[in-house]
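Within every chain, numbering begins at 1; the chains are lettered A, B, ... in the order of the sequence lines, protein sequences first and strands thereafter.
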Amino acid sequence: MPISAKFNDLTASQKEAVSHFEGPLLVIAGPGSGKTRVIINRIAALIAQGVSPWNICAITFTNKAAEEMRNRVVAMNTPAGTHVSTFHSLCVRVLRYHGSHVGVGSNFSIYDDSEQTKCMKEALKTLNLDTTNFTPGKLLEAISLLKNKLEYPDAFAARASDYFSKIVAKAYKAYQHLLTQNNAVDFDDLLMKTAVLLRDFPAVREELSNRYKFLLVDEYQDTNHAQYAIARCIALGHGNICVTGDPDQSIYRWRGADIANILAFEKDWPSAKVVKLEENFRSAPNILALADKLIAANTSRKAKRLIPVIPHPGEVIIRQYEDEAYEADSIISDIARLAKNGVPYSDIAVFYRVNSMSRPIEEALVRSRLPYQVVRGVEFYGRKEIKDMLAYCKLIVNPPDDVALTRIINSPTRGIGDTTLEKVAAHARMHNLPLYEALKQTFAVTSLSQAVRTKIAAFVAMIEQFKPLAAGPVAPLMKKVFEDSGMQKSLEAGGLEGSAALDNVEELINAAAIYDQQIDNPALYDYLQQIALFSDTDKFDPASGKIALMSLHAAKGLEFKHVYIIGLQQGILPHERSKDNPDELEEERRLLFVGITRAKKGLHIAYTRHRTIRGLLMRSIPSQFLYELGASDLPSRDSFLAESSRDFNDFRDDYIADLPSRTMQTPAPSSASKKAPFTTDELVEHKVFGLGRIKSYTDMGENSIVAVRFNSGQTKTLMVKYANLKKV
DNA sequence: AGATTAAGTCTTTTT
DNA sequence: GACTTAATCT
């Protein structure tokens, strides 16, 4: 009954996407096109057609999106049973039952970034490699890409020819060996092992294919090869695969996302039907025009329309400020203006390219006493006290987890130091035992004193005493761990810092209590595997009544009435590490496109004349994207800069009285601005950097920039009007 | 063993 | 500037 009612609210193309039940379907959905609604309606429609909810599997990009979708499916009075989760969560489930085929025990630990690094360091130690040139992080990055491509260590070793690849191959093999010993997987393993499992074990593939007769994958433009392979394997038997996405919103290339997956969907599934959702129900027409103008600058792109549905123009402001403090103060006073006009705080968001940029904004918000929430990657789960608690828990359910054990064996301190641990580790290596097993055999390690043996025995006894509780509810066990381990005591003695840590652990235990209530058979291993995939992004609460601060990446999939995007300057957006690579530059542009298209009514883009980066005050070069944004209701490029500086001066006068201690920097005279453009390879001289050759010249009027490779070896990007380059 | 201090490293985005 | 590691002191 409610299903057909909803149908009437849909546009023609939305209906088409909802009611094409059988076979492959590609939904190219622009921003604000009601894509999520289409997916929900599609699930409801499938069920109305007689499909069992148990046979439907919807994949979302984040846990948050999954949770929201589950709620919305329920809200449509749809019978329960539809599986909605991320790829990673689905993989956890699959590996729990079938992991033994690919060397994964059911109680496996999931390693996060820092645990991966620890593991890699350990692996490198056994290899005796000189790692001065290859940090664990660099190696892990390379390995991550290999795993995304489903390449196993031996296969890669066979084709590794250059020096770096050979090192990577060795590290990969040792690292993977260590993970297996610890019965642990990293994020990429979850995907790779599942993909390999489905590829090489037809029985498992069939089981999954029979279970999930209808597969939906959202944000398909950001799937990597492993995810692509998993989806394909599940759908191969029946062809009922519906993917939705927008190539213009692909922003996870650095994580292995392959935009080719969505571009090649029609080739993979020749019978695929394609539906385009080009109408935008979210943003004001002038905001959309701006977004369209920007994304048009991407050359490797199929043109797509953004058709505004909302008739009323919104407010678009692009403005320059002196530095990040003025930027923040101005934005906050603008927010205060909105609030005075009745705009709820939860309708307002501030986006930035890197998380560290939240700080000046936060400081200004605190000064103004405005409520806000910062959405950040893994802040909570990265805290020491939380990691310690989870390490205890991991060790309880998965004793071979040496990484967890070494983390907590002496935290809080219990007199088992590095020397002792090394002796036990030597014994473990000799007999090929996990560390925890070796701890039980201290009688065999003659070099240990009796006092130390007693301490170790007490530790082992404590862990053993926790084990029987792991099959029950999680919260009581955590509480017991917290008390018996001595963590609580040590934090209570830790002053202010300790009391903050106490609060965090309390929050963790509360979350566990909620889990205990929600799940029929709560178990520690299940809880641990679930929260390993959580991030703080999942904690964003749109109904909190607070201003939201987040990175542009975290903004994906969200919408706000008023959006502020800060730091539109070269080196930040586009980011320093992306601006020299054309593909990465296009992704930066898509990132800004995502940010702009989050805004419904108001869009405020800010950049500064100067900005403190890593403690150094730097002169900022306006982002090249600002020039690409030239929408019709904006001033032209030249007047645009003149006008924005006039705005700034008015603004500055107001603030100078308030902030007398801030020193103002006046720009250098722009005498060089009319200089003829430079040509590539031209020899120039700079006052500080000396002689160099022009690498590139970008014409941006009086703000033109050059990249110069100096004889010192370093390459600098400079603004022509400030650099005072002399032609030689 | 453990705490404190000094020096050194690295700085994007996140499941 | 934030964080990790190494060196030194208690």
>> Whether A:Ser356 contacts C:dG1 is assessed here as follows: a side-chain N or O lying under 4.0 Å from the phosphate OP1 or OP2. Is that the case?
In response: no
> Looking at the side chain of A:Lys121, which of C:dT5, B:dG2, B:dT14 is the nearest nucleotide?
Replying inline: C:dT5
> Does a side-chain N or O from A:Asn63 land closer than 4.0 Å to OP1 or OP2 of B:dT15, or not?
Replying inline: no
> A:Asp113 has an atom CG; how far is it from atom P of C:dC3, in whole Å?
Replying inline: 15 Å
>> Below the 4.0 Å mark, does B:dT15 have OP1 or OP2 next to a side-chain nitrogen or oxygen of A:Asn224?
In response: no
> Nearest to the side chain of A:His553, which nucleotide is it out of B:dA1, B:dT13, C:dT4?
Replying inline: B:dT13
> With distance as the sole criterion, is a donor-acceptor pair present between the side chains of A:Thr60 and A:Asp218 under 3.5 Å?
Replying inline: no
> Do any side-chain nitrogens or oxygens of A:Thr135 fall under 4.0 Å of OP1 or OP2 in B:dT9?
Replying inline: no
> OP1, OP2 of B:dA1 versus side-chain N and O of A:Thr420: anything below 4.0 Å?
Replying inline: yes
> Please give, in whole Å, the distance from B:dT15 C1' to A:Glu141 CD?
Replying inline: 16 Å
> Mind checking whether A:Tyr172 and A:Tyr152 have ring centres under 6.0 Å apart?
Replying inline: no
>> Main chain of A:Asp246, side chain of A:Ser250: is a donor-acceptor contact present, judged purely on distance under 3.5 Å?
In response: no
>> Checking side-chain polar atoms at under 3.5 Å, does A:Asn224 have a donor or acceptor matched by the opposite partner on A:Tyr252?
In response: no
> Is the shortest side-chain N/O distance from A:Lys64 to OP1 or OP2 of B:dT14 below 4.0 Å?
Replying inline: no
> Side-chain N or O of A:Asn355 less than 4.0 angstrom from OP1 or OP2 on B:dT14?
Replying inline: yes
>> If the cut-off is 4.0 Å, is A:Arg359 near the phosphate of C:dA2, judged by side-chain N/O to OP1 or OP2?
In response: yes
